[in-house]
Amino acid sequence: MEVTARAPGKIILSGEHAVVHGTTAVAASINLYTSITLRFPSPSETNDTLKLHLKDIGLEFSWPIGRIKEALSELDGIDCSTPTTCSGKFAESISALVEEQNIPEAKIALASGVSAFLWLYTCIQGFKPATVTVTSELPLGSGLGSSAAICVALSATFLAFSKSMSLDKGHQGWLDFGENELELLNKWAFEGEKIIHGKPSGIDNTVSTYGNMIKFKSGSLTRIKSAVPLRMLITNTKVGRNTKALVAGVSERTLRHPDAMTSVFDAVDSISKELSTIIQTPAPDEISVTEKEEKVGELMEMNQGLLQCMGVSHASIETVLRTTLKFKLTSKLTGAGGGGCVLTLLPTLLSGTVVDKVIAELETCGFQCLIAGIGGKGVQVSFSGSS
């Protein structure tokens, strides 16, 4: 039997950067997914290795189970109902296992993700041979929560075949997890995120786990449900950015201009609160939907202006803004800025012809374009084959 889990990526609809300074921000899941399949060898197979296949980039890693057991023997019999942090000697042992794979220099950024995989698999499944295959619709390192989606999908896949969860393995199609199961796999995913990012906020993995939208402020997360079906064009500028440097730049500007920047942050806080209210209010007819989309667009436009005030825009982002504005569409950066991705609101009544024209023009600039629904379901699991 095989199990596959899929977990969505995320966007920040409003409040990035300002949230570091105590304001409200709103994040949402997108219907672009990372999928992970786990297959154990059949009784007739003489396979005693753990394999990780990164299908999209054509890389495969494998470890003899005996080698993993030698390196992580103290994890034998660990209780997977209690998420465990990878620290101290465990971190060293995991690093050694990853280094043995001789990851190509050009792909060395993958090392932390491979470490998270080894930790989550061994803690949850123990020392069993298996093949794990990863595919993703999310571009890596572009601010769309790709690492969190991987950690959530890994946790879901491994826990689905554990004693901690009792799922209907005969269910056809995608299966939703229960609240207690989501809470457990979200905690495990957070442990994976800590291996990758050091001190993550927990926002990305929570959005990927539960789906829909989250409002967050000063470390407090509130799940909210969208009553407005939003669709976005996500433009990946393919320009890498240094998130830490961008965050530091905003802090430095705040020290130089405290009164002005406080006003900027207050305005962002108001935008996020109004946006979350609009999103949660039902729209009974087409006119109401159009009115809501117009308000969301105006708030996005204001938020983008304030992000420019913070100094986190970039020439590539401005190119996307100018291009979409020609078609009377509203855009804003999402995430850290300085490159990365840009959101463009696609109104319900917008013709497909216009969308095609926008995408064609953006692609001539070398950008990658993806269309995504906003605020959909979180992680799901599917079983196939005989048990």
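Just so you know, these numbers use all the heavy atoms, side chains as well, and skip hydrogens, waters and symmetry mates. Sequential numbering from 1 along the given sequence is applied to the chain's residues.
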Inset, instruction - Step by step, work out the side chain to side chain contact (heavy atoms under 4.5 Å, CB included) result for C341 and L144. - result: CA-CA 8 Å; C341 288; L144 298 181; 4.0 Å; yes
Inset, instruction - Give the C-alpha distance, both sets of side-chain angles, the deciding distance and a yes or no for side-chain hydrogen bond (donor to acceptor under 3.5 Å, both in side chains) between S208 and N205. - result: CA-CA 5 Å; S208 188; N205 55 278; over 6 Å; no
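A side-chain hydrogen bond (donor to acceptor under 3.5 Å, both in side chains) check over residues 14-32, counting only residues at least two apart or in different chains, returns the pairs S14-S272, E16-K332, T24-D269. Residue pairs meeting the side-chain hydrogen bond (donor to acceptor under 3.5 Å, both in side chains) criterion with at least one member in residues 212-229, sequence neighbours excluded, are E179-R223. Sequence neighbours left out, not one pair with a member in residues 241-251 passes side-chain hydrogen bond (donor to acceptor under 3.5 Å, both in side chains).
Within a 6.0 Å radius of CD in E45, other residues, nucleotides and ligands contribute more than 12 heavy atoms. Annotation for I287: atom CD1 does not count as buried by contact number, only 12 or fewer foreign heavy atoms lying within 6.0 Å. When the shell of 6.0 Å around CG of N180 is examined, it contains 12 or fewer heavy atoms from other residues, nucleotides or ligands.
Residues L167 and F383 have side chains in contact (heavy-atom distance under 4.5 Å, counting atoms from C-beta outward).
Side chains of H197 and S147: a donor on one and an acceptor on the other come within 3.5 Å. Between the side chains of D266 and S263, no donor-acceptor pair of N or O atoms lies under 3.5 Å. Side-chain atoms of T84 and E191 include no donor-acceptor pair closer than 3.5 Å. S382 and T4 form no side-chain donor-acceptor contact under 3.5 Å, judged by distance and modelled atom types alone. For the residue pair Q368/E363, the side-chain donor-acceptor check at 3.5 Å is not satisfied. Under 3.5 Å, the side chains of T348 and E286 contain no donor-acceptor pair of N or O atoms.
Under the 4.0 Å criterion applied to side-chain N and carboxylate O atoms, R67 and E70 are assigned as salt-bridge partners. Taking a cutoff of 4.0 Å between a charged side-chain nitrogen and a carboxylate oxygen, K295 and E274 do not qualify as a salt bridge. Salt bridge annotation for E361-K326: present, with a cationic side-chain nitrogen under 4.0 angstrom from a carboxylate oxygen.
A cation-pi arrangement, defined by a distance under 6.0 Å to the six-membered ring centre and an angle within 45 degrees of its axis, is present between K128 and F40.
Checking V132, L110, T133, T135 one by one against L54, the side chain to side chain contact (heavy atoms under 4.5 Å, CB included) holds for a single residue, L110.
In the hydrophobic clustering of ILVMFWY residues, with side-chain heavy atoms under 4.5 Å counting as a link, L343 and V19 come out apart. Under the 4.5 Å side-chain heavy-atom criterion for Ile, Leu, Val, Met, Phe, Trp and Tyr, V342 and V239 are members of distinct hydrophobic clusters. L138 and I196 are assigned to two separate hydrophobic clusters, defined by single-linkage of ILVMFWY side chains at heavy-atom distances under 4.5 Å. Grouping the Ile, Leu, Val, Met, Phe, Trp and Tyr side chains by contacts below 4.5 angstrom, directly or via other members, places I78 with L154.
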